[in-house]
Amino acid sequence: MMNYAIRRSGQMLVTVFVISVIAFVVIQLPPGDFVNSYLATLSGGNIVTQDAIVALRAQFGLDENLVVQYWRWLTNLLQGNMGISFQYQRTVLDLLAERLPLTLAITIPTAIFVYMVAIPIGIYSAVRQYSLVDYLLSFAGFIFLAVPNFLIAIIAIYIGYRYFGGGVGGLFSPEYELAPWSIGKVLNMMQNMSLAILIIGTSGVAATMRVMRGMLLDELSQAYVETARAKGLGEWRLIMKYPVRVAVSPVLSTIGFVLPALISGTEITATVLNIPTTGPLLLNAVRSQDMFLAASIIFVLSILTVIGTFISDLLLVWADPRIKL
Amino acid sequence: MTVEAAPTTATAPSAVADGVTARIISPRRLMWWKFRKHKLAVASAIFLILAYLATIFAGFVAPYDPATRSRNLYAPPQGIHFFDEIGQFHLQPFVYGWKMTRDLETLSPVYTVNPEEKFPVGLFVRGEPYKLFGVIDADVRLFGVAEGGYFHLAGTDHFGRDMFTRLVYGAQISLSVGIISVLVSLVLGLVIGGISGLYGGWIDNFIQRVIEAIIAIPTIPLWLGLAAAVPRDWPPLYQYFAILVVLSLISWTSTARVARGRFLALREQDFVTAARVYGASRTRIIAKHLVPNLMSYVIVTLTLAIPGIIIGETALSFLGVGLKAPTVSWGVLLQESQKVQIIQFYPWLWIGPAVCVVSVVLAFNFVGDGARDAADPFSR
Amino acid sequence: MSSISVQAEPILSVRDLKKHFGGKKTWSGAVSKTIRAVDGVTFTIYEGETFGLVGESGCGKTTLGRCIARALDPTGGEVVYAPKEGGAVDLASLKPRDLRPYRQDVQMIFQDPISSLNPRMTLLDIIGEPMVVNGLARGEEVKHRVGDLLERVGLRAEYMVRYPHAFSGGQRQRIGIARALALNPRVIVCDEPVSALDVSVQAQILNLLQDLQAEKNLTYLFIAHDLGVVEYLCDRVAVMYVGQVVELAETSDLFARPLHPYTEALMSAVPPANPRAARAPRLLEGDLANAANLPPGCHFHPRCGYCVERCRTEEPELREYSPGRFVRCHRAGELKLDGVAELAEADL
Ligand SMILES: Nc1ncnc2c1ncn2[C@@H]1O[C@H](COP(=O)(O)OP(=O)(O)O)[C@@H](O)[C@H]1O
Ligand code: SF4
Ligand SMILES: [Mg+2]
């Protein structure tokens, strides 16, 4: 276990390193360096002194070669100095501290929602293979797999206006928007967030359900299941006792794919629904080529998925020692 | 010495008689037989072929030019009728014209059916002239109404442009992005996955780490970041290729994983050992023994990767960092209908492209599922 | 098959051959355990004979066979080959380029009829490729030769346009044999060529191999775990246990009077040729030793019924017990071990 954790951490560090290189490439890609784009984004009123420009160039070593620049950027990053957003005139760290919690507050419950819903549905579908419900679920799964999150969000907005006469989106309904914090406001926020979770979770549920169904079907075709059945064990007890446990592990270990997809979904859905996560921030940053901000968001989101996957891997191994280390 | 019974024709439905004249059942034919059993996959494949044909013959399939404006702004789709208002049957279907009034409060146009105006809908009618494939002068359109009338199957947008036409032209971009990106991924994935699987060692390790890193990065944020590098002032064609590259830069990983896995598995097969023992060169082994045996798996992966790319283009354009008007793609069409008022009052503007995206993605998923089963024609 | 003629020349001399897997440092710093799949094997094969190699699954037979055919690069040792013309060469140490001329002379037949044929090639390509690659024939000539070979192994020449999936397991093995013959080799490494086949088909393939040997003066290294097949086919037999030869003898001697307890155990595990021959089976108990973590002393001692103190600490050497008979056991000779042949005879 300890060995596994150490080996896995080593791998994780390499992955993080590669991600940091990719994030740095993202910063470098747009033509011109940051200070130029900084100056380009300046509108009247914001006068930058020549000194400030020189200081900026020096801090990030813009006049040196790319490797040095990367190294400066990385060491700055590791010390929490992610640079400044030219557009917002604030440090990136500040902006992230403001927006990131909400991204997590939506993504983590969504991940839980996905597995809590998909696993039981998958089990039911597998056990009742070829039943009407199985067909309906499989069909719905295919559809939801094909409808991107942002379309579901648009449909939700449409339905909201059309049938409920109210706007959908935002973190608060208009009546709470400016109101001070209260129980009502918290409930309202949770209501709005649960809609987002539902929207983001659908395709995850569709995908995970299919994996669960497939895994369990494989397991159910094993000989030992027949033996247990012959011994007269009750159908559901038999299934829950062993096959489900075996099938669940690989399903849970899909988190390495599910988590990045959920974060992607959170960001784009939040943009459509106008929820102030890092999504709209990233989009703005990209539109105005505020690359420090953009790359930092990408980097931090990726690191979060890597850590999330790491933790869930460890938990899986801890819970199920049969997994090969 | 006695010879065993005549060859058994594995899973062939029409077992072939012995002898030279017998039809030779190639593995490819076996795959086709297996694929054919999946009715949904076959239907989806036909649908996709038609969709791609429609993009090639866009001028013929679309009743108008994508830039042509009509007087009717924000007009909803016109229903096709066989029975008129007094219940009389018409062999040739027709559509009603619109009567426009304005909502006194919002000033937005309100359309009601005008029973006085009927435009019979015909096939192969002469319409606006266009250039087929961009070169051949033509004016026959697949369907339409006689001159003086108008027919907007999927409604019109804020300039009164025909949405159906724009969907057809949008398909040209959205569908080709899927195919071309996937071909780029194919080359990248095969080469990188092949190197990884064949050389092993630290190269393999390094490539695996890079792939893991790319998988760990949430796709849409990374696409956004890469798309930021595409200069705003590039001409549409450049932007198109730039977005294509951005999309491929991520989607090659799945191909590479599959290619690597198959290379590793195939390398251990006895027929590869045999080839080494009789002195076949490395290049020959790769070209004649490895690649032909992994292509079917790679093609399946690619088929299943296309939906992701189409959704990717749509998402990027929808967010305003991908393709931009005047280019027409499904994502651009969605982007134009992003405002809450449009979502609410002119739903055909987003339902059209949404239905297109979803049906194409579904179809590719079904085809991919059928192909996955057919990729290994010797199983079961 | 009778014992070999006295004037036979050595064609392959295997000297202290080794093949170790793993044991490399990986990038993350972990060191995998070395698997000693083949660990110092020495024997000589004479021209025209069938040399058997037996042992439990996983004892390294395939690895040894592949090292000899240079499908694998040995870790150490020599495989000295005496070509028709020119002096002896060590196949084990030749660079791939220098190896080419000798490759034609040593070919392989595989165990698995499924994976040994490329499913995407027709028989013409499968059997013709070795000729094309080695420049022995081209164009129509290839077709001609492939047709002849197919007929020689008992298939019809017209089949050459077909793909392997259209054939049964036995037919596929015939195809594999035709491929091995395509280069007119002198030595063929037969890696359990019949063990994946139905019993009824096994005899046909074995007969074919024997006919071909007589016709083309082939030398076989015949790998098997089925002692019956070995007794029927081989002139001499080497018994392998975790990467080492533990006994080597002429077939009749070995079966009449095994000298190594492992050989005896192997023989007792096979049902006797005559089912009435009642005998207490001395079944092999326990598992094959782990080639990555070998027991000290005699590697067989944890499973050996004759084990004494010395066996636990001191590793026996392979020694020549009598002319042409080799054994790796401290107690060889002092034990009275059961063979197979004498029982069968006694019963007649
Ligand atoms: N490529 C390889 N890598 C690591 N270990 C191997 C490899 N090939 C064979 N081995 C190991 O070497 C041993 C001998 O295998 P093999 O030669 O296939 O035995 P046999 O043919 O007698 O059944 C086994 O323990 C096997 O696991
Ligand atoms: S050396 Fe000892 S343990 Fe090994 S085989 Fe001989 S008697 Fe048995
Ligand atoms: Mg073997």
Side-chain angles (χ1 to χ4, degrees), chain B residues 1-12 15-16 18-31 200-206 208-209 265-266 268-285 288-296 376-379, chain C residues 24 26-28 66 69-72 96 99-100 103-104 106-122 125-126 129-134 154-156 158-159 161-171 174 176 179-180 182-183 185 189 191 200-201 204 207-208 211:
Chain B
M1 179 159 302
T2 52
V3 177
E4 294 148 50
T8 53
T9 36
T11 49
V16 178
D18 204 20
V20 223
T21 48
R23 200 156 48 134
I24 303 307
I25 308 148
S26 64
R28 196 167 294 159
R29 195 184 296 267
L30 275 181
M31 288 179 188
W202 70 268
I203 299 182
D204 181 31
N205 251 316
F206 174 74
Q208 289 314 109
R209 291 290 93 71
L266 285 168
E268 301 302 320
Q269 299 278 301
D270 288 343
F271 65 81
V272 176
T273 309
R276 274 209 312 275
V277 170
Y278 60 67
S281 67
R282 200 185 176 100
T283 327
R284 191 181 185 97
I285 289 177
K288 299 207 76 168
H289 295 272
L290 300 181
V291 171
N293 278 294
L294 63 80
M295 273 329 274
S296 58
D376 189 3
F378 310 110
S379 68
Chain C
K24 280 186 210 127
T26 64
W27 65 276
S28 55
R66 288 184 180 213
R70 271 302 288 274
L72 287 174
L99 192 64
R100 276 199 78 116
R103 281 230 183 257
Q104 298 183 26
V106 185
Q107 289 296 299
M108 273 193 86
I109 301 174
F110 299 87
Q111 175 176 8
D112 180 6
I114 306 284
S115 96
S116 61
L117 305 178
N118 185 340
R120 294 312 198 93
M121 284 185 166
T122 59
D125 289 333
I126 290 172
E129 190 175 54
M131 306 175 194
V132 175
V133 163
N134 288 282
L155 296 170
R156 295 167 58 170
E158 303 97 84
Y159 290 169
V161 288
R162 300 197 176 178
Y163 292 86
H165 65 77
F167 297 90
S168 68
Q171 289 171 320
R174 291 174 193 273
R179 174 179 59 197
L183 295 176
V189 175
D191 187 0
S200 57
V201 185
Q204 296 176 9
N207 286 336
L208 173 64
D211 292 349

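A, B, ... follow the sequence lines: proteins, then strands. Residue 1 opens every chain.
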If you count heavy-atom pairs under 4.5 Å between each of C/M121, C/Q107, C/M108 and chain B, which one has the most?
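The answer is C/Q107.
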Of the listed residues (C/A180, C/A71, C/A69, C/P119), which shares the most heavy-atom pairs with chain B below a 4.5 Å separation?
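Of the candidates given, the most pairs with chain B belong to C/P119.
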Hey, are the side chains of [X] and [Y] touching, using non-hydrogen atoms and a 4.5 Å cut-off?
X      : Y      : result
C/R179 : C/S116 : yes
B/R282 : C/P96  : no
B/Q269 : C/F110 : no

Check this for me: B/R28, atom CZ, are more than 12 non-hydrogen atoms of other residues, nucleotides or ligands nearer than 6.0 Å?
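For B/R28, atom CZ is not crowded (no more than 12 foreign heavy atoms under 6.0 Å).
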Answer with side chain, backbone, both or neither: which region of [X] has an atom nearer than 4.5 Å to a non-hydrogen atom of chain B?
X      : value
C/N134 : side chain
C/R100 : side chain
C/V132 : side chain
C/E129 : both
C/L117 : backbone

Using a cut-off of under 4.5 Å on heavy-atom pairs, state which of B/V272, B/T273, B/L266 scores highest against chain C.
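Top option by heavy-atom pairs under 4.5 Å: B/T273.
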Looking at chain C, which one of B/G201, B/S281, B/A275, B/S26 has the largest number of heavy-atom pairs inside 4.5 Å, strictly under?
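Of B/G201, B/S281, B/A275, B/S26, B/S26 has the most heavy-atom pairs under 4.5 Å with chain C.
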Which heavy atom in C/V189 sits nearest to a heavy atom in C/V106, and how many Å separate them?
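Looking at all heavy atoms of both residues, the shortest contact is CG2-CG1, 4.4 Å.
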How far apart are the closest heavy atoms of C/R174 and C/G154, and which atoms are they?
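Heavy atoms only, the tightest pair is NH1-CA, 4.2 Å.
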Would you say C/H165's side chain and B/I25's backbone share a donor-acceptor pair under 3.5 angstrom?
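Indeed, once roles are kept as given, a pair shorter than 3.5 Å links the two residues.
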